[in-house]
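Sharing a structure below in structure tokens format, with a few things to ask.
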Amino acid sequence: MKTAGMGTVLAHAFGKRYELPVPLSLFVAGGAVVVVASFAVVLPRAVAPVDGTLLAYPPRRPRPLAVGLGAVVTAALVLCGLVGSQEVAENLLPVSFWLLAWIAVPLTCGVIGDWTRPLNPFAAIARAADRSSLRRRLLGGPEVVPWPRWLGWWPAVLTFFAAACGELVFNVTATVPHVIAVGLVAYGAICAAGGFLFGGDWVTYGELFSVLYGTWGRLGYRRFGAPGAPGFAGGLDAGFEPISSRIAFVLLLLVSVNFDGLLATPSWVNFEQQLPGHLYAAGWRLQAFRTGTFAALALATVVVFGSFAVWSARVGGVAGRRRKALAGLLPSLVPIAFGYLLVHNIEYLLDNAQLLFPLLGNPAGVAGWPRLPYPFNDSYEPNIHLLPSAAYWYLSIAVIIAVHVVALVLAHRHLARNGSDDRRARRSEYPWLVAMVGYTTFSLWLIAQPLAK
């Protein structure tokens, strides 16, 4: 992105390329060895039973001041998108939504916990529309419509998939300020209808940002009224419901960042260039192909991880369906999804967050706006070399391996508690280890491609 007086800011990618310090194959194999060694340390450790009293926290009521602040900020950003400059780098809305709300806030929730509940404007809209008097007037009765069990979390799943496609596939259109603003207004109307019909169930199951931040918040240190034990990853002790829609949402968190990384690899770029000319040249056909690939990758992820989860359950002597087996191990995938989200976006965040300084000086990018002092004007130059490329690379290595080790610990706790006996419980961990090693090697290979090729 460029704007007057500002330098180019990088998109999702590493900076300058350089040679890896060791051959790629050796490095990937080293990561796998670290995960296996961690498994050897974790396997003999005893696991205490879950303390059920720690899994239920009393929900906190939103504070009016926080609700009002979230609503005012969102309304101001939407106004910037509707009436301000439509140049992406001159309007505060694209950076606020795609950089902060879509990436930075989930990362903070994964570290701190879901702190966003009082500020979420869309949950506030749903709560404001949840009026028994209004339902009595329009529907003839004050009762909310019962949330259908078959519906589950599918509204949040479909909304997340659409937003992720906007980020990864339709990003040229999805970053235009008025497109984002209109989308947020339309989504606010949907939340109002959902709150009116379903009451609090819409926020729990259907509202995208409540589900998204709440899922990441299970990994964070504090619970903020959510179920789970205190401490990092304590919310994952509560587990996920063995429902297809809930499983799909959590796995989409993993698949979306993998697909984002895949699109940036030279291998994928070369593959797309080999497509038939009528497909590669026509933008909408290529976008449709990428959307289908994204959906296919999500389905393949469900099949692969589901198969390993069922294998682990059978080895452990635990009978049950594929969904139950996968839901039990789903918490171990959340740290991996978080790690890859951090690794893939850390340089992008550090570079593009600097755009906030001049944008705050002129949020809508309108001509004639009073000029504020440096750094809140266009004379500010973002520093795209805050850290050397090698620093991002070694950070990526450490994070990817660390989150897989955490995943092994979480999987060990689940499988040890659910095996039919100690011997079978320990044996049940080996199939999931295979899945973890395979995914570690894939992740390390994926993040290395822009640098190693």
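Predicted, not measured: the structure shown is a model, and the values here were computed from it. Heavy-atom basis, side chains included; hydrogens, waters and symmetry copies ignored. Along the sequence shown, residues are numbered consecutively beginning with 1.
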If you take the centroid of each ring, where Trp contributes its six-membered ring, are Y205 and F198 closer together than 6.0 Å? no
Taking the side chain as C-beta and beyond, is there a heavy-atom pair between V437 and F442 under 4.5 Å? no
Please determine if D237 and R218 form a salt bridge, counting it only when a charged side-chain N lies under 4.0 Å from a carboxylate O. no
Could you check whether W102 and F160 have their ring centres less than 6.0 Å apart? yes
Among residues two or more places apart or on two chains, list those pairs meeting salt bridge (charged side-chain N to carboxylate O under 4.0 Å, His left out) that have a residue in residues 242-255. E241-R246
Non-hydrogen atoms of P106 and I103 that approach each other most closely: CD-O, 3.3 Å
Between F240 and W153, does a ring-ring contact (aromatic ring centres under 6.0 Å, His included) hold up when you go through it step by step? CA-CA 12 Å; F240 292 103; W153 281 265; 8.9 Å; no
Applying side chain to side chain donor-acceptor pair (under 3.5 Å) to W115 and T108, what does each step give before you reach the verdict? CA-CA 9 Å; W115 55 270; T108 61; 3.0 Å; yes
So if I apply the side chain to side chain contact (heavy atoms under 4.5 Å, CB included) rule between F249 and each of I243, L208, L330, which one comes out positive? L208
Are the ring centres of W432 and F305 closer than 6.0 Å? yes
Any side-chain heavy-atom pair of V203 and F122 under 4.5 Å: no
Beyond-backbone contact of T204 with S210, side-chain heavy atoms, under 4.5 angstrom: no
Please confirm whether W216 and Y213 have ring centers closer than 6.0 angstrom. no
